[in-house]
*Asks:* 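The structure under discussion is supplied below as structure tokens; questions concerning it will follow.
Everything quoted here is computed from the prediction, not taken from an experiment. Residue numbers start at 1 and run along the sequence shown.
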Amino acid sequence: MHSKTIEIWVGIFVALGLASLFLLAMKVSNLSEFETGAEGYRITARFQNVGSLKPRAAVSMGGVRIGRVTSVSFDKKSYEAVVEMRIDRQYDTLPDDTSASILTAGLLGEQYVGLTPGGSDDYLADGGQIELTQSALVLEEVVSRFLFDKAEGGDKSRDESGKKK
């Protein structure tokens with residue numbers, strides 16, 4: 001009888017551990033948030049390069065998450081990436097001259113959209129578009145430029161404007 005009680009408690013402990021791991025995985029992957037149109041309003045922004053930005057990435061302003069990326073698509077006419085974001089309804093006072101940048105959390109972390117408010121008295125509405133954008137900094141491009149400059153002789157062979165002497 002004593003053995004059976006221990007087995008039941010061990011089973012309960014293992015089940016609680018698995019449930020905890022499942023909830024942690026859902027929280028980390030942002031899959032626990034359900035998409036409903038009533039939770040916020042949608043805005044878009046166009047970028048030359050979005051790097052590895054993915055749907056459900058955070059949209060933040062001042063370090064506070066104010067929304068999520070809902071989709072990343074490509075416009076065949078303008079050859080730009082179009083990022084659609086859902087901003088929580090409580091943040092409905094974003095100036096219409098707000099700027100958007102693709103930023104990286106940490107050195108090699110995931111990418112997210114950072115918003116910087118402008119000074120306009122008019123606000124972005126549902127379906128609005130952010131005009132001022134800054135594309136993602138792609139680490140491979142930075143490293144290749146650095147190596148290319150070093151192969152050409154670095155700063156010694158160039159003047160202040162970047163042209164060869």
*Asks:* Members other than Tyr123 in its cluster, when Ile, Leu, Val, Met, Phe, Trp, Tyr link by side-chain heavy atoms under 4.5 Å?
*Replies:* none
*Asks:* Closest approach of Ala100 and Phe47, non-hydrogen atoms and distance?
*Replies:* O-CE2, 3.7 Å
*Asks:* Please answer: with hydrophobic residues joined when any side-chain heavy atoms are less than 4.5 Å apart, are Val72 and Tyr79 in the same cluster?
*Replies:* no
*Asks:* List the atom of Ser120, the atom of Asp96, and the distance in Å for their closest heavy-atom pair.
*Replies:* OG-OD1, 2.8 Å
*Asks:* Are Phe13 and Ile6 linked, directly or through other ILVMFWY residues, by side chains that come within less than 4.5 angstrom of each other?
*Replies:* no
*Asks:* Could you pull out all residues at least two apart from Ser78 that satisfy side-chain contact (heavy atoms from CB on, under 4.5 Å)?
*Replies:* Arg46, Asp75, Glu80
*Asks:* Answer yes or no: is there a donor N or O on one side and an acceptor on the other, between the side chain of Thr98 and the main chain of Pro117, under 3.5 Å?
*Replies:* no
*Asks:* Please name the pair of heavy atoms, one in Gly118 and one in Pro95, separated by the smallest distance, quoted to 0.1 Å.
*Replies:* O-CG, 3.6 Å
*Asks:* Can you list everything that forms a side-chain contact (heavy atoms from CB on, under 4.5 Å) with Phe22? Sequence neighbours excluded, please.
*Replies:* Met26
*Asks:* If you link I, L, V, M, F, W and Y whenever their side-chain heavy atoms are under 4.5 Å apart, who else ends up in the same group as Leu103?
*Replies:* Tyr112
*Asks:* Please identify each residue that fulfils side-chain contact (heavy atoms from CB on, under 4.5 Å) with Leu147, with sequence neighbours left out.
*Replies:* Val143
*Asks:* Out of curiosity, Lys76 NZ to Phe74 CZ, how far, rounded to the nearest 0.5 Å?
*Replies:* 9.5 Å
*Asks:* Under 4.5 Å between side-chain heavy atoms, counting indirect links through other Ile/Leu/Val/Met/Phe/Trp/Tyr residues: same cluster for Val64 and Met61 or not?
*Replies:* yes
*Asks:* Who passes salt bridge (charged side-chain N to carboxylate O under 4.0 Å, His left out) against Asp97, sequence neighbours left out?
*Replies:* none
*Asks:* Output the distance between atom CZ (Arg56) and atom CZ (Arg86), rounded to the nearest 0.5 Å.
*Replies:* 12.0 Å
*Asks:* Say whether, by atom type as modelled, one donor and one acceptor occur between the side chain of Asp88 and the main chain of Gln90 under 3.5 angstrom.
*Replies:* no
*Asks:* Check whether Tyr91 and Ile43 end up in the same hydrophobic cluster, where Ile, Leu, Val, Met, Phe, Trp and Tyr are linked by side-chain heavy atoms less than 4.5 Å apart.
*Replies:* yes
*Asks:* For Val113 and Val69: C-alpha separation, side-chain torsions, deciding distance, then whether side-chain contact (heavy atoms from CB on, under 4.5 Å) applies.
*Replies:* CA-CA 8 Å; Val113 177; Val69 172; 3.9 Å; yes
*Asks:* Can you name the salt bridge (charged side-chain N to carboxylate O under 4.0 Å, His left out) partners of Glu131, sequence neighbours left out?
*Replies:* none
*Asks:* How would you list, by chain and number, every residue that makes a side-chain hydrogen bond (donor to acceptor under 3.5 Å, both in side chains) with Glu84, sequence neighbours excluded?
*Replies:* Thr70
*Asks:* Do Val83 and Thr133 have side chains that approach each other closer than 4.5 Å (heavy atoms only, starting at C-beta)?
*Replies:* no
*Asks:* Over all heavy atoms of both residues, which pair between Leu124 and Tyr41 is shortest? Give the atoms and the distance, please.
*Replies:* O-CE1, 4.0 Å
*Asks:* With sequence neighbours left out, what residues match Ala136 under side-chain contact (heavy atoms from CB on, under 4.5 Å)?
*Replies:* Ile102, Gln111
*Asks:* Under the criterion side-chain contact (heavy atoms from CB on, under 4.5 Å), I'd like the reasoning laid out for Leu115 against Ile130: C-alpha separation, chi angles, the key distance, then a yes or no.
*Replies:* CA-CA 10 Å; Leu115 300 181; Ile130 295 176; 3.7 Å; yes
*Asks:* Answer yes or no: is there a donor N or O on one side and an acceptor on the other, between the side chain of Ser135 and the main chain of Gln48, under 3.5 Å?
*Replies:* yes
*Asks:* Can you name the side-chain hydrogen bond (donor to acceptor under 3.5 Å, both in side chains) partners of Thr116, sequence neighbours left out?
*Replies:* none
*Asks:* Members other than Trp9 in its cluster, when Ile, Leu, Val, Met, Phe, Trp, Tyr link by side-chain heavy atoms under 4.5 Å?
*Replies:* Ile8, Ile12, Leu16
*Asks:* Considering non-hydrogen atoms only, spot the tightest contact between Ala57 and Leu53 and give its length.
*Replies:* CB-CD1, 3.7 Å
*Asks:* Would you mind listing the cluster partners of Leu132? Hydrophobic ones only (ILVMFWY), side-chain contacts under 4.5 Å, chaining allowed.
*Replies:* none
*Asks:* How long is the gap from CD1 on Ile66 to CZ on Arg89, to the nearest 0.5 Å?
*Replies:* 12.5 Å
